[in-house]
Engineer: 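After the structure tokens below, expect a handful of questions from me.
Reminder, nothing fancy here: chain letters follow the sequence lines and each chain counts from 1.
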Amino acid sequence: MLDSRALRQDPGGVAAALARRGFRFDTEAFVGLEEARKALQVESEALRAERNRFSRQIGESKARGEDASEAMAAVSAAGEQMKLLEAKLAGVQEQLNALLWDLPNLPHESVPEGDSEADNTEIRRWGVIPDFKSPRDHVALGEALGQMDFEAAARISGARFVVLRGQLARLQRALTQFMLDIHTGEHGYTEVYVPDLVGPEALFGTGQLPKFEDDLFRARLDPPLYLIPTAEVPVTNLVRDRILEAEDLPLRMVAHTPCFRSEAGSHGKDTRGMIRQHQFEKVEMVQIRRPEESYPALEELTGHAESILQRLELPYRVVALCGGDLGNSAAKTYDLEVWLPGQASYREISSCSNFEAYQARRLGARWRNPDSGRPEPLHTLNGSGLAVGRTLVAVIENYQEPDGSIRIPEALRPRMGGLERIGAPA
RNA sequence: GGAGAGGUGGCCGAGCGGUUGAAGGCGCACGCCUGGAAAGUGUGUAUACGUUAAUAGCGUAUCGAGGGUUCGAAUCCCUCCCUCUCCGCCA
């Protein structure tokens, strides 16, 4: 959600900024609604103030045992009119909210121009792309090992699920623990365990609702409950409706959760393998920051995600998303793309974003700024550190041997009981 | 799942349907007192929106959420959510 004050003061400027991400903001509709809102609000508040005055008089008169029928009639009349006005106001407010909630975040000035993935800017590359004569992808490798089973998963749950067995299952667990231990032990994050099912308010806060309901799995209808698409939702919502003190900041939290995505609208995309699943594991970093610190924090957080790839010795590049490719709530995003020999391309393995105050406003996440003495919206950031399923894919493909075995990255061996490779040749 | 109790300000805790944004206490802030501190004492201490140059005033809203009764609801009624206790079940 954008700052409604800024929106009122400079709708044209906001529209121009939103145009950078390919979003058309109907300023005329907004200004019209806003004017109607203001008029109705002022009028109905004045009326209510008058009614309150009369009500007080009634109380006083009755306390003295006097007749109050005149004032009661006045209040009654005001009440009728108020009902009308307030119904109108509620209608306008609803339209205004729908418009407001639908607006994406303003891109940061450093975000590259462009309207698609093709316009993203590569910031840096790390690592050496392995030179395989005939690389196999993780599906071929995993299935040959007998440890990756899409058919079994399909029998249980349909498409876009996987069953891992034995050392591959363990490798995924090792990756998870490895990531968590580094973020908590070296990067200053506090590990949190959070619900995997969340209510609609939580999803509204981080921006998934109301716009992106189709991407979610709903687990219960009555009091609605959704499976989380990312730990960002429950973890960021930890500060919902809170006013933090300056000394509480910054907050750095990390959580490992499964993530559930319906992948509506991506039929036929990445249908092979573990790249795009309905369910996957992810380690997620979340930071809650004072506004002036959020951009340095984005660099820091991105570095934390990169450090995992470096320790696993996986080649990757960092890409700054252009305006058109930016997620709805983000002001700026770096994607980390890992090299996948099976596809001979870089694929997203982490997305690190600064949401500035966009989520914080929806969440009511504030801090007491000592300079102003007032509660002000915080800045929220998050980034995958990393998507575990895709990391497993990257390890399998980058560490493959001609005989179909998988070497285990040095950094993971202690967590694999010293194992050096999976599927050693007979 | 069954039975019961309860949800009020940062916390605890009052609150007859009427002038209650809400007594009192704790905590916190500032001042007085003190050689310094403690104790004591005084004052202040929610948030959002609107109006405004204003983080000054004024207005409106908010006592779990939503709806209803009423001239008027923290107080009465209904629905839902949550917490606690006991029983049952259960990882």
Engineer: Between A:K38 and B:U51, does any side-chain N or O lie under 4.0 Å from OP1 or OP2?
Structural biologist: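 A:K38 to B:U51 OP1/OP2: side-chain N or O found under 4.0 Å.
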Engineer: Can a salt bridge be assigned to the pair A:E300 and A:R289 using a cut-off of 4.0 Å between side-chain N and carboxylate O?
Structural biologist: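 Result for this pair is yes, salt bridge flagged.
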Engineer: How many angstroms lie between atom CZ of A:R290 and atom CG of A:L244, to the nearest 0.5 angstrom?
Structural biologist: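 It is 11.0 Å, given to the nearest 0.5 Å.
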Engineer: If I take atom CD from residue A:E397 and atom CZ from residue A:R390, how far apart are they, to the nearest 0.5 angstrom?
Structural biologist: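 Nearest 0.5 Å value for the CD-CZ distance: 12.0 Å.
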Engineer: Would you tell me whether A:N354 and A:S294 have side-chain atoms, one donor and one acceptor, within less than 3.5 Å of each other?
Structural biologist: yes
Engineer: Is A:R37 touching bases, backbone alone, or none of the nucleic acid, heavy atoms closer than 4.0 Å?
Structural biologist: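 The residue A:R37 makes sugar-phosphate contact but no base contact.
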Engineer: Hey, does the side chain of A:N52 come within less than 4.0 Å of B:G72's phosphate (OP1/OP2), counting only N and O?
Structural biologist: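 No, because none of the side-chain N or O atoms of A:N52 sits under 4.0 Å from OP1 or OP2 of B:G72.
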Engineer: For A:R366, report the nucleic acid contact type (base, sugar-phosphate, nothing); a contact means any heavy atom under 4.0 Å.
Structural biologist: sugar-phosphate
Engineer: Calculate the interatomic distance between A:E45 atom CD and B:U60 atom C1'; express it in whole Å.
Structural biologist: 4 Å
Engineer: Return the nucleotide paired to B:A91: Watson-Crick means purine N1 to pyrimidine N3 with N6-O4 or O6-N4, wobble means G-U with N1-O2 and O6-N3, both under 3.5 Å.
Structural biologist: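 Answer to the pairing question: none, since B:A91 forms no Watson-Crick or G-U pair.
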Engineer: Between B:A22 and B:G13, how far is it from one C1' atom to the other, in whole Å?
Structural biologist: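 To the nearest whole Å, 13 Å.
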Engineer: Applying a 4.0 Å non-hydrogen cut-off, can you work out what A:S55 is touching in the nucleic acid: base, sugar-phosphate, or nothing?
Structural biologist: base
Engineer: Hey, could you give me the CG/CZ distance between A:L171 and A:R415, rounded to the nearest 0.5 Å?
Structural biologist: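 It comes to 12.0 Å.
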Engineer: For A:R136, is there any backbone N or O sitting under 3.5 Å from a side-chain donor or acceptor partner on A:Q400?
Structural biologist: yes
Engineer: Mind listing the residues from residues 86-94 of chain A sitting with a heavy atom below 4.0 Å of RNA chain B? Number order is fine.
Structural biologist: none
Engineer: Check whether any side-chain N or O of A:R8 sits under 4.0 Å from OP1 or OP2 of B:G50, and answer yes or no.
Structural biologist: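 A:R8 to B:G50 OP1/OP2: side-chain N or O found under 4.0 Å.
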